[in-house]
2 protein chains.
Amino acid sequence: MLKYSGQTRVLVAVDCIIFGFDGESYKLLLIQRGFAPEKKKWSLMGGFVQPEESVDEAANRILKELTGLENVYMEQLHTFGALARDPVERTIAVAYFALIDIQKYEKQLSKEYHAEWFPFKDMPDLIFDHGQMVEMAKNRLRYKASLHPILFELLPEKFTLPQLQALYEGLYDTTFDKRNFNRKLLSTGLFLKQQDKDKDSSKKGAFFYKLDQSKYLTNFEAFLKFIPNPEKFLIT
Amino acid sequence: MLKYSGQTRVLVAVDCIIFGFDGESYKLLLIQRGFAPEKKKWSLMGGFVQPEESVDEAANRILKELTGLENVYMEQLHTFGALARDPVERTIAVAYFALIDIQKYEKQLSKEYHAEWFPFKDMPDLIFDHGQMVEMAKNRLRYKASLHPILFELLPEKFTLPQLQALYEGLYDTTFDKRNFNRKLLSTGLFLKQQDKDKDSSKKGAFFYKLDQSKYLTNFEAFLKFIPNPEKFLIT
DNA sequence: GCAAAAGTGTTTCCTCTACACCCATGG
DNA sequence: CCATGGGTGTAGAGGAAACACTTTTGC
């Protein structure tokens with residue numbers, strides 16, 4: 001096969017910002033690098049794009065390596081192409097962010113990679129420009145979640161309204177009026193009330209809900225206003 | 001300098017989706033490729049990322065080569081990494097979209113590249129995955145413009161309210177009530193009414209407005225609702 | 001004087017917000 | 001029986017949408 005001549009080829013890496021929510025706070029899954037440079041420093045899970053896979057496939061492969069999960073919500077975030085972002089050799093990084101149910105990932109794999117979940121408030125310094133990637137991913141998630149039903153990817157199949165509220169309040173680091181919040185969420189018609197209750201977190205117990213999968217899939221890109229006064233919270 | 005060993009390096013290209021608005025309709029600046037493969041076919045303006053420039057710098061260089069313009073609104077759109085997107089050799093493309101004042105570009109340069117402006121309705125088939133890039137860029141622009149003051153980048157310094165309305169109506173391929181539209185736009189406080197009128201497009205003449213640059217810059221990322229019922233028009 | 005486009009106000013409706021009490025249960 | 005968290009309704013304010021006529025002026 002002919003090639004383009006006289007052009008320089010560069011390394012292309014994929015880095016994954018992996019979000020989880022434990023009912024209390026948002027967390028990111030980070031790994032401790034096992035190799036130089038910056039060995040032992042904390043980093044996003046990443047890897048180089050291989051010759052026989054697309055960039056999207058590389059992202060899914062890398063996510064699966066660390067979490068064991070497939071068919072997870074993942075979206076391309078941004079491509080980072082500064083000259084010296086990797087001191088070893090010029091590398092262009094395509095960043096993706098993923099939302100996973102924190103219960104589902106395989107702890108075993110995490111151990112192999114020396115991975116840990118870090119809450120937003122308590123994040124270590126990251127190598128290279130990974131801190132910048134994380135900031136951008138947080139902003140993007142806040143932005144998108146204010147308009148689209150996306151955060152449910154972080155929850156297990158069954159969840160309660162108080163859990164849902166904690167999910168939104170955690171992301172925007174604020175509190176919402178529960179009457180208004182419940183009304184708004186339920187008015188989307190995306191939720192199916194279940195018969196059973198979650199009795200773990202209160203004496204009365206809170207009813208479980210599930211997503212109405214058919215409506216969820218067709219309304220996934222719907223344009224809804226999930227939080228009041230989004231301009232107070234959003235960047236970009 | 002040490003290198004990462006055993007990894008494959010690939011070509012990285014930048015492609016620019018260049019939007020313009022001539023008062024009537026939206027257009028894209030396309031070039032006729034002067035080299036194989038797909039010589040003579042229409043294409044986005046693009047080029048390879050060079051060893052001594054960042055990806056963003058490459059995008060600005062490429063935009064300038066074709067239009068002569070610098071300091072133009074440009075935003076990274078998406079990175080396209082399918083395996084066979086370029087039949088010659090594996091190439092990963094970072095797409096950017098730019099909004100320019102169609103009056104300002106240098107026609108001379110366009111000629112050298114055999115460039116032409118094509119209205120949305122009348123676009124030729126494009127090489128590779130450039131058609132897909134264009135679709136994504138149009139969706140992104142519609143999305144972003146519904147919430148943020150961004151379309152003014154397409155207009156000259158002085159513009160009239162009817163021009164502004166045509167700008168929005170053209171993007172969403174619809175019509176708006178001019179009373180509600182003017183009220184909404186003016187209520188942003190972004191516009192300064194000028195003394196003089198544009199007498200070209202009507203007998204009565206329409207007052208010129210300018211952007212209030214200070215407010216424009218600070219509100220650029222503001223979260224405003226520019227069009228009614230955005231859910232009717234938007235994808236992602 | 002008339003055609004063509006610019007400009008301007010009001011009413012209605014609906015959505016958003018603020019706000020407080022009762023309910024169910026486990027201990 | 002009481003402490004804890006879950007669940008619900010309403011009234012008021014503000015924003016969005018629908019709607020039609022007057023103004024200007026070149027021809």
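Only heavy atoms go into these numbers, but all of them, side chains included; no hydrogens, no water, no symmetry mates. Every chain is numbered from 1, with letters handed out A, B, ... down the list of sequences.
Atom NZ of B:K184 and atom P of D:dA18 are 11 Å apart (whole Å). In this structure, B:N182 places its CG atom 15 Å from P of D:dA16, rounding to the nearest Å. For the pair B:F208 CZ and C:dG7 C1', the computed distance is 16 Å after rounding to whole Å. Rounded to an integer number of Å, the gap from B:D200 CG to D:dT25 P is 15 Å. Atom CD of A:Q163 is separated from atom P of D:dG6 by 10 Å (rounded to the nearest Å). We find that CG of A:L161 is positioned 13 Å from C1' of D:dG5, with the value rounded to whole Å. Atom-to-atom, CG of B:D198 to P of C:dA5 comes out at 13 Å; the value is rounded to the nearest Å. Spacing between atom CZ of B:F181 and atom C1' of D:dA16 amounts to 15 Å, rounded to whole angstrom units.
Counting heavy atoms from C-beta on, the side chains of A:F97 and A:M133 never come closer than 4.5 Å. In this structure the side chain of A:L126 never reaches within 4.5 angstrom of the side chain of A:F128, judged on heavy atoms.
At distances below 3.5 Å, at least one donor-acceptor pair connects side-chain atoms of A:R140 with backbone N or O atoms of A:L77.
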Check: residues 60-70 of chain A side-chain donor-acceptor pairs under 3.5 Å, at least two apart:
from	atom 1	to	atom 2	distance (Å)
A:N60	ND2	A:D56	O	3.1
A:R61	NE	A:E53	OE1	2.8
A:R61	NE	A:E53	OE2	3.3
A:R61	NH1	A:E65	OE2	3.0
A:R61	NH2	A:F48	O	3.0
A:R61	NH2	A:E53	OE2	2.7
A:K64	NZ	A:E70	OE1	3.3
A:E65	OE1	A:Y113	OH	3.0
A:T67	OG1	A:L63	O	2.7
A:T67	OG1	A:L69	N	3.1

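Residues satisfying the side chain to side chain contact (heavy atoms under 4.5 Å, CB included) test with B:K197, not counting sequence neighbours, are B:K199, B:K204, B:F207. Checked against ring pair (Phe, Tyr, Trp, His ring centres under 6.0 Å), A:Y105 has the following partners two or more places apart in sequence or in another chain: A:W117. A search for salt bridge (Lys or Arg N to Asp or Glu O under 4.0 Å) contacts involving A:E157 returns A:K210, not counting sequence neighbours.
Atom NZ of A:K121 and atom NZ of A:K27 lie 12.5 Å apart (nearest 0.5 Å).
A:S201 comes within contact range of the sugar-phosphate backbone alone, with a heavy-atom separation under 4.0 Å but no base atom that close.
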Checking B:R142 against B:D173 for the salt bridge (Lys or Arg N to Asp or Glu O under 4.0 Å) test, could you report, in this order, the C-alpha distance in whole Å, the side-chain angles of both residues, the deciding distance, and whether it holds?
CA-CA 10 Å; B:R142 289 197 184 105; B:D173 196 20; over 6 Å; no
Could you summarise the pairing of DNA chain D as dot-bracket text, marking Watson-Crick and G-U pairs under 3.5 Å with ( ) or [ ] inside the strand and | across strands?
|||||||||||||||||||||||||||
Summarise how protein sits on nucleotides 19-27 of chain C as a single string, 5' to 3': B when a protein heavy atom is under 4.0 Å from the base, S for sugar-phosphate-only contact, - for no contact.
BB--BBBB-
